[in-house]
Amino acid sequence: MTGKGLLSMKHVAVACGIGQIGKSSLLLNPEYGNRLTLGAILTNVDFESDPVCENICIPVCTKCLDSCPVSAIHDKSVTQKKCRQNTYGNTARGFNTVDCNICRSECPVRDGL
């Protein structure tokens, strides 16, 4: 019940200038908010990075932390076992579902600036 890979896509996105990591540990982007899906192609070609993205997470806001029904979110970290057990489920026919995305929905910058 943990998501660990060899490469953290969120941290790569921050290094590439795509966004900053918010209190919810979600990547926040000024244009798309927290509703991004990340992917990567690994190569040995050198590219120039974009400038570091501004942090749009509101410093005094704690809506994502306060809204988590299992208290899995702590400033910039998530207890993944708690979160994943609450987030993912199945329909009666066995299809995968996402049952919780409250932290995404409650974020005031969910759709960007």
Side-chain angles (χ1 to χ4, degrees):
M1 294 301 292
T2 61
K4 293 185 178 180
L6 298 175
L7 186 63
S8 166
M9 296 302 297
K10 287 189 296 189
H11 290 90
V12 169
V14 169
C16 291
I18 294 173
Q20 288 290 328
I21 298 173
K23 293 181 201 80
S24 61
S25 87
L26 296 171
L27 183 70
L28 300 177
N29 173 278
E31 186 173 351
Y32 302 108
N34 64 27
R35 301 185 189 263
L36 296 166
T37 301
L38 301 173
I41 297 172
L42 301 179
T43 180
N44 62 355
V45 177
D46 287 333
F47 291 102
E48 186 176 328
S49 176
D50 289 339
V52 174
C53 188
E54 67 177 299
N55 189 358
I56 63 169
C57 188
I58 301 166
V60 296
C61 181
T62 60
K63 286 185 177 186
C64 58
L65 285 77
D66 299 338
S67 67
C68 182
V70 292
S71 301
I73 305 172
H74 316 286
D75 192 19
K76 291 195 177 184
S77 70
V78 173
T79 305
Q80 290 188 15
K81 186 173 183 180
K82 283 180 163 182
C83 179
R84 288 173 187 259
Q85 287 176 340
N86 187 62
T87 300
Y88 301 107
N90 295 305
T91 65
R93 294 179 62 194
F95 294 103
N96 296 334
T97 61
V98 174
D99 297 333
C100 181
N101 65 355
I102 296 170
C103 59
R104 285 185 189 273
S105 298
E106 291 295 315
C107 179
V109 294
R110 67 185 159 274
D111 298 316
L113 296 177

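Among all heavy-atom pairs drawn from K82 and S71, the shortest one is NZ-O, 3.7 Å. Summarising the geometry of N34 relative to C103, their closest heavy-atom pair is ND2-O, 4.4 Å, with the distance given to 0.1 Å. The minimum heavy-atom distance between C53 and Q20, with the atom names listed, is O-NE2, 3.1 Å. Here the closest non-hydrogen pair linking L113 and V109 is CD2-CG1, 4.1 Å. Of all heavy-atom pairs spanning L27 and G19, the tightest one is CD1-C, 3.7 Å. When all heavy atoms of Y88 and D99 are compared, the closest pair comes out as C-OD2, 4.0 Å.
By the 4.5 Å heavy-atom criterion applied to side chains, V12 and L38 are not counted as neighbours. Taking the side chain as every heavy atom from C-beta outward, E54 and P30 approach each other to under 4.5 Å. Looking only at side-chain heavy atoms (C-beta outward), S24 and C107 stay at 4.5 Å or farther from each other. In this structure, L26 and I21 have side chains that are not in contact, with every pair of non-hydrogen atoms separated by 4.5 Å or more.
For D66, there are no salt bridge (Lys or Arg N to Asp or Glu O under 4.0 Å) partners at least two apart in sequence or on another chain. Partners of T79 by side chain to side chain donor-acceptor pair (under 3.5 Å), not counting sequence neighbours, listed by chain and number: H74. Under the rule for a salt bridge (Lys or Arg N to Asp or Glu O under 4.0 Å), R104 has no partner lying at least two apart in sequence or in another chain.
Under the 4.5 Å side-chain heavy-atom criterion for Ile, Leu, Val, Met, Phe, Trp and Tyr, L28 and I58 are members of the same hydrophobic cluster. Hydrophobic clustering places I18 together with M9 (ILVMFWY residues linked when any side-chain heavy atoms are closer than 4.5 Å, directly or through intermediates). No chain of hydrophobic side-chain contacts below 4.5 Å, direct or via other Ile, Leu, Val, Met, Phe, Trp or Tyr residues, connects L42 to F47.
A distance-only check finds a donor-acceptor pair linking the side chain of T97 to the backbone of G89 [under 3.5 Å]. With hydrogens and angles ignored, the 3.5 Å screen pairs a side-chain donor or acceptor of K10 with a backbone N or O of S25. Under a 3.5 Å cut-off, the side chain of K23 and the backbone N or O of C64 do not form any donor-acceptor pair.
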Under the side-chain contact (heavy atoms from CB on, under 4.5 Å) rule, what do T87 and V98 come out as? Steps first, then yes or no, please.
-> CA-CA 6 Å; T87 300; V98 174; 3.9 Å; yes
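The CD atom of E31 lies 10.5 Å from the CD1 atom of I56; values are rounded to the nearest 0.5 Å. Interatomic distance, SG of C100 versus CZ of R84, reported as 13.0 Å (0.5 Å rounding).
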